[in-house]
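Sequence lines set the chain letters: A, B, ... in the order given, protein chains first and strands last, and positions in each chain run from 1. Heavy atoms only: backbone and side chains are in, while hydrogens, waters and symmetry mates are out. Values in this document were obtained by computation on a predicted structure and should not be read as measured data.
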There are 2 protein chains.
Amino acid sequence: MSQMQSVEKQLRQMILGLEIGPGEKLTERWIESRFGASRTPVRAALLRLETEGLVGRDGRGWTVSPINLAELEQIAVYREAVEVAALRLTCSLADRSAVDVIEAMLESCDNDTPREEWHRVGMDFHIELARLSGNEFLFRAVRDAMTRLSRARWLEVRDEAALSRAWAEHRAILASARLGDADEAARLLSGHIVGSRDRLVTSLANDRRGLRARGFAVVAA
Amino acid sequence: MSQMQSVEKQLRQMILGLEIGPGEKLTERWIESRFGASRTPVRAALLRLETEGLVGRDGRGWTVSPINLAELEQIAVYREAVEVAALRLTCSLADRSAVDVIEAMLESCDNDTPREEWHRVGMDFHIELARLSGNEFLFRAVRDAMTRLSRARWLEVRDEAALSRAWAEHRAILASARLGDADEAARLLSGHIVGSRDRLVTSLANDRRGLRARGFAVVAA
DNA sequence: GGCACCATCTTGGTATCCCAAATTGGTATC
DNA sequence: GATACCAATTTGGGATACCAAGATGGTGCC
């Protein structure tokens, strides 16, 4: 494989995994030496990550995008639009057996599952659910939105109760979808997204001071 | 301004203006000499245009994306989701006076207006309407979708009747939005998008042979 | 005459070099 | 001691040289 995609993948992983904090400055030369690649693939990676919203230009120079609470709220509205549309599409399909695959995905998490896995499955639920619609654009929209939310969700302090509640909501959405009850499924999904957003923004706003102390730039709403 | 953005802008213009036909092969070296730029800005431009869906990789090498009828249908569904969401948001705003600006935009077209201008305003209507929602993501989604549709709409044969009907629908949507009647506005917009899609796909499917004869790759639904 | 194989050329991918602008650090002056 | 100004280094953008892989065409063998 070309080294280009490798740089892109590794750099994205570092950003999403918060190994490089939100708001940190990036220099092409540092990335170059860090991954042993040359500047061309580094630039390609930065251009791609820019369109994903993970890095941005800071005048001249690059910056890892800060966590932006106003942006998180807007993304929630966007998610609601595209995820609900995708879900309604899925509910209208004749064969909805694919929801079982997602159900199984949820089941794969138990008390022994590491936090990373919970985090990943929590996002993949929404991404895979959107994929079932068969609409490539709705799917990509959801995937990109979840990518943008990923770091914030990782920073969020989630107690056990919130987590199991989210899982219950996921299951309820799947149940309605399986029955083809689009209105109910859409209602549940909307509620889930709005609730997630509220908890997320509240948590980050409360922790803002602590997060900044850890070097993470968090922009207020 | 850096030459990079110039190459990107000019190349995008050539693709959207069908000066380079859908399906045509592109070589970095040709672009390089055509615009008097070096390969670095050329590659940056191609990477950007790739994310916009205007060019794609063809194994090794680049190709101007063909017109894809299946994709057009999916985009219509996507548009419906994001545009309706944006419109509902706009309807819920206290101050909806900005719709008058869009109304004025429509008024700027009359019988003497060149076809290019009708085309541009027809797209800008949807883009600017989405911008009013104040949601950056919904706005970008609509803008990107319209960019992807742009070439197909340019190829579409539209008679006078269809054009004035579209304009009437635009005005009706604005009227409902001004009153804050979200449900009615959403209903009208949905109908408009679905109707546009049907006419567009039908027209292109009918003309497919002729378009291919002109060197334009058109992929069936 | 047709088909297979090899030389050559083309092309995108990578590395490196150069440049202009901006940031930075230090110094001299007030 | 603070500030303004200048030099040197850093940094991103652009250009170019090089490479490996794939396309192409021509030639020779069957």
Side-chain angles (χ1 to χ4, degrees), chain A residues 1-16 19-66 68 212 215-217 219, chain B residues 1-16 19-66 68 212 215-217 219:
Chain A
M1 180 191 299
S2 65
Q3 206 161 29
M4 187 186 76
Q5 293 191 22
S6 172
V7 172
E8 181 185 335
K9 206 178 289 190
Q10 290 183 62
L11 188 56
R12 182 188 296 110
Q13 217 51 45
M14 286 190 72
I15 293 173
L16 290 179
E19 296 175 56
I20 316 178
E24 271 187 49
K25 289 257 191 299
L26 284 176
T27 71
E28 295 184 356
R29 257 99 179 183
W30 178 83
I31 302 169
E32 195 181 339
S33 68
R34 176 67 175 73
F35 298 107
S38 175
R39 294 184 67 197
T40 309
V42 167
R43 282 190 201 162
L46 285 170
L47 284 174
R48 288 252 169 68
L49 294 177
E50 185 187 22
T51 72
E52 294 180 33
L54 295 183
V55 304
R57 295 181 185 283
D58 173 45
R60 201 180 142 90
W62 299 92
T63 307
V64 178
S65 302
N68 185 325
R212 297 193 87 108
F216 296 154
V219 179
Chain B
M1 180 191 297
S2 66
Q3 205 162 29
M4 187 187 75
Q5 294 193 21
S6 172
V7 172
E8 182 185 335
K9 206 179 289 187
Q10 290 183 62
L11 188 56
R12 184 189 292 109
Q13 215 53 44
M14 286 189 72
I15 294 173
L16 290 179
E19 295 174 56
I20 315 177
E24 270 188 50
K25 290 258 191 300
L26 284 177
T27 72
E28 296 185 353
R29 256 94 180 188
W30 177 82
I31 302 169
E32 194 180 339
S33 68
R34 175 68 175 72
F35 298 107
S38 171
R39 294 184 67 198
T40 309
V42 167
R43 305 203 72 230
L46 285 170
L47 285 172
R48 288 251 170 69
L49 294 176
E50 185 186 23
T51 70
E52 295 180 34
L54 296 183
V55 304
R57 295 182 185 282
D58 172 45
R60 203 181 141 84
W62 300 90
T63 307
V64 177
S65 302
N68 186 324
R212 295 194 90 110
F216 296 154
V219 179

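- Here the straight-line distance linking atom CD of Gln10(A) with atom CD1 of Ile31(A) works out to 11.5 Å at 0.5 Å rounding.
- If you measure from atom CG of Leu47(B) to atom P of dG13(D), you get 13 Å, rounded to the nearest angstrom.
- Distance check, rounded to the nearest 0.5 Å: NZ of Lys9(B) to CZ of Phe35(B) gives 13.0 Å.
- For Arg43(A) against dG13(D), a side-chain N or O and a base N or O form a donor-acceptor pair under 3.5 Å.
- With a cut-off of 3.5 Å on both Watson-Crick or G-U wobble distances, the partner of dC30(C) is given as dG1(D).
- Protein atom NZ of Lys25(A) is 11 Å distant from nucleotide atom C1' of dT23(C), rounded to whole Å.
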Reading nucleotides 16-23 of chain D from the 5' end, what letters show protein touch, with B for base, S for backbone sugar-phosphate only, - for no heavy atom under 4.0 Å? BBB-BBS-
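- If you take CG of Leu26(B) and P of dG12(C), they are 9 Å apart, rounded to a whole angstrom.
- In this structure the side chain of Thr51(A) never reaches within 4.5 angstrom of the side chain of Leu47(B), judged on heavy atoms.
- At whole-Å resolution of the value, CH2 in Trp62(A) and C1' in dG13(D) are 11 Å apart.
- Taking CG of Asp58(B) as the start and OG1 of Thr63(B) as the end, the distance is 3.5 Å to the nearest 0.5 Å.
- Considering only residues two or more places apart in sequence or on other chains, Arg12(B) meets the salt bridge (charged side-chain N to carboxylate O under 4.0 Å, His left out) condition with Glu8(B), Glu52(B).
- Rounded to a whole Å, the CD atom of Glu28(A) is 10 Å from the P atom of dG14(D).
- Annotation: the span from Arg43(B) atom CZ to Trp62(B) atom CH2 amounts to 7.0 Å, rounded to 0.5 Å.
- One can place CZ of Arg57(A) at 9 Å from C1' of dG12(D), the figure rounded to the nearest angstrom.
- No contact: Leu46(B) has no heavy atom under 4.0 Å from any strand.
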